[in-house]
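Each remark here refers to the structure printed beneath this line.
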Amino acid sequence: MRVATWNVNSIRSRIERVIPWLQRNDVDVLAIQETKTREDQFPFFRFEEIGYEVAHHGLNQWNGVAIASRVGLSDVTAGFADAPVWGQAPVPEARHLGASCGGIRINSVYVPNGRQLLDPHMDYKVEWLARLRDAAQGWLAQGPTMVMGDWNIAPQDEDVWSMEFYADKSHVSPRERAAFAAMLDAGYVDVVRPLLPGPKVYTYWDYQQLRFQKGRGMKIDFILASPDVAGRVAAAAIDREERKGKGASDHAPVVVDVADA
DNA sequence: ATGGTTGATCCTCAA
């Protein structure tokens with residue numbers, strides 16, 4: 001089974017890339033982040049007409065997560081237990097969607113952007129990750145599980161094009177890295193890093209300042225799996241080609257092949 | 001020149 005994750009930065013503006021990409025790459029399950037659309041505007045039919053079921057959780061023009069699958073899609077859940085809410089008048093954000101696909105519990109996650117080290121958004125991000133860890137630890141007992149998406153964290157120095165540049169910025173701080181490490185401590189395995197070791201292996205390149213053309217990216221999109229699933233991962237890829245050209249997302253898709261149980 | 005782009009929506013915010 002081929003499983004992928006992709007922050008598409010608006011499903012409506014990216015649909016003409018996403019649909020051919022799914023078909024061309026023979027992908028069975030795709031976890032999508034940043035759909036940036038309400039439910040009623042999601043292009044469900046474009047997936048259904050090529051043989052995928054799709055579940056989406058989107059509340060407004062921000063965030064939004066989805067899962068498309070051609071190997072079954074059941075028991076869909078939006079949001080996890082005790083997920084923090086953002087704001088003075090707290091509103092839940094669409095940052096997590098779970099579904100069972102092909103015998104694996106798939107979780108599409110869009111981790112909050114902390115913005116800056118002392119910004120309230122950073123506290124929200126760290127708290128959100130702590131609650132995700134708690135929930136995800138429980139999922140391990142329930143069977144084969146994958147948690148994948150845009151983590152907005154570069155766990156290692158080699159995951160950014162310049163530590164000097166990021167020294168005082170979000171994504172590399174000890175708090176964020178500890179929050180990511182807690183997922184691994186809980187028992188999850190990063191199934192891509194061992195197969196695609198760095199340095200200079202990135203999944204995201206800022207639109208500004210010709211970052212992609214200059215090779216200045218970040219590795220912030222990860223596929224984590226329960227140990228049983230991790231043992232079945234036979235191959236991994238980051239599709240840099242999808243970052244090229246007009247109309248690209250600022251993130252590349254990340255893909256793994258999972259052998260049958 | 002202290003920015004540089006992109007997207008959704010509204011004339012600004014988010015990344």
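Each chain gets a letter, A, B and so on, in the order its sequence line appears, and its residues count up from 1. No experiment lies behind these values; they were computed from the predicted model shown.
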Could you give the distance separating dG4(B) and dT9(B) at their C1' atoms, to the nearest angstrom? 23 Å

Under 6.0 Å between ring centres, would you say that holds for Phe80(A) and Trp128(A)? yes

Base versus backbone protein contacts along nucleotides 6-15 of chain B [heavy-atom cut-off under 4.0 Å; B, S, -]: SBSS---BSS

For the residue pair His121(A) / Asn113(A), report whether a side-chain donor-acceptor contact shorter than 3.5 Å exists. no

Can you tell me how far P in dC13(B) sits from the matching atom in dG3(B), rounded to whole Å? 16 Å

Separation of dG3(B) atom P from Gln209(A) atom CD, nearest Å, is 10 Å

Can you check the distance between dC10(B) and dT6(B), where both ends of the measurement are the P atom (answer in whole Å)? 22 Å

Sidechain-backbone polar pair: Arg14(A) side chain, Asn9(A) backbone, donor-acceptor under 3.5 Å: yes

Can you tell me which residue among Thr35(A), Ile32(A), Val65(A) is in a side-chain contact (heavy atoms from CB on, under 4.5 Å) with Tyr110(A)? Val65(A)

Report yes or no: do Arg12(A) and Thr37(A) form a side-chain donor-acceptor pair below 3.5 Å? yes

Provide the distance between the two P atoms, one in dG7(B) and one in dT2(B), to the nearest whole Å. 25 Å

Please report the closest heavy-atom contact between Ile67(A) and Ile106(A), naming both atoms and the distance. CD1-O, 3.7 Å

Where the side chain of Arg2(A) meets the backbone of Val27(A), is there a donor-acceptor pair that is under 3.5 Å apart? no

Please answer: with hydrophobic residues joined when any side-chain heavy atoms are less than 4.5 Å apart, are Trp161(A) and Ile220(A) in the same cluster? yes

Could you identify which residues of residues 153-165 of chain A place a heavy atom less than 4.0 Å from some atom of DNA chain B, listed by residue number, or say none? none

